Amino acid sequence: PNIPLDNNLAEREFRTPVVGRKTWYGTHSKRGAKTNAILFSIVRSCMINNINPRNYLPWIVERILQGKPPLTPFEYSKLDDSG
């Protein structure tokens with residue numbers, strides 16, 4: 001009785017990468033495809049943690065450039081607003 005009748009949640013999780021394949025085909029290189037896959041993963045992780053990727057990505061790049069260890073979107077979501 002505790003098992004859901006469908007797996008719509010799991011299927012929705014796969015939708016973004018499947019749609020993204022059309023973009024990956026246009027990358028013309030394995031490196032470009034890998035970069036796209038990583039970015040899709042980061043953006044999706046931000047969405048799962050209720051983070052705006054447009055705030056997270058510049059913040060994490062600045063942190064890396066300062067020599068500080070990067071934080072995952074989950075860890076970032078636990079920080080207070082002062083960052």
Side-chain angles (χ1 to χ4, degrees):
N2 294 329
I3 299 172
L5 295 176
D6 59 36
N7 64 347
N8 288 338
L9 178 62
E11 289 180 7
R12 278 194 302 268
E13 292 298 319
F14 282 113
R15 185 175 191 284
T16 302
V18 170
V19 171
R21 279 191 210 141
K22 291 184 181 191
T23 304
W24 300 338
Y25 290 142
T27 59
H28 304 294
S29 71
K30 287 183 181 181
R31 182 177 178 196
K34 184 175 180 179
T35 301
N36 258 342
I38 291 168
L39 287 174
F40 270 107
S41 296
I42 292 171
V43 169
R44 188 66 190 145
S45 294
C46 286
M47 293 170 65
I48 289 169
N49 288 287
N50 295 319
I51 296 170
N52 184 343
R54 291 181 183 210
N55 295 336
Y56 174 75
L57 288 170
W59 181 85
I60 200 68
V61 168
E62 184 65 31
R63 186 172 173 91
I64 292 168
L65 291 175
Q66 292 172 355
K68 297 179 182 176
L71 299 179
T72 65
F74 176 75
E75 294 167 330
Y76 175 81
S77 71
K78 301 302 178 197
L79 295 177
D80 60 353
D81 289 334
S82 64

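Please read all numbers here as calculations on a predicted model, not as lab measurements.
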Quiz item: Applying the 4.5 Å side-chain criterion to the ILVMFWY set and letting contacts propagate, would I48 and I38 be lumped into a single cluster?
Solution: no
Quiz prompt | Passing option when I51 is tested against W59, F74, Y56 for side chain to side chain contact (heavy atoms under 4.5 Å, CB included) | solution = Y56
Quiz item: Can you name the closest pair of heavy atoms from P58 and P53 and give their distance?
Solution: CD-O, 4.1 Å
Exercise. Kindly compute the distance separating OG1 (T35) from NZ (K30), expressed to the nearest 0.5 Å.
Key: 14.0 Å
Quiz prompt | Distance (rounded to the nearest 0.5 Å) between E75 CD and N49 CG | solution = 10.0 Å
Quiz item: Under 4.5 Å between any side-chain heavy atoms of I60 and Y76, yes or no?
Solution: no
Self-check item: Nearest-0.5 Å distance, SG of residue C46 to CG of residue N55
Solution: 9.0 Å
Quiz item: CG/L39 to NZ/K34 distance, rounded to the nearest 0.5 angstrom?
Solution: 12.5 Å
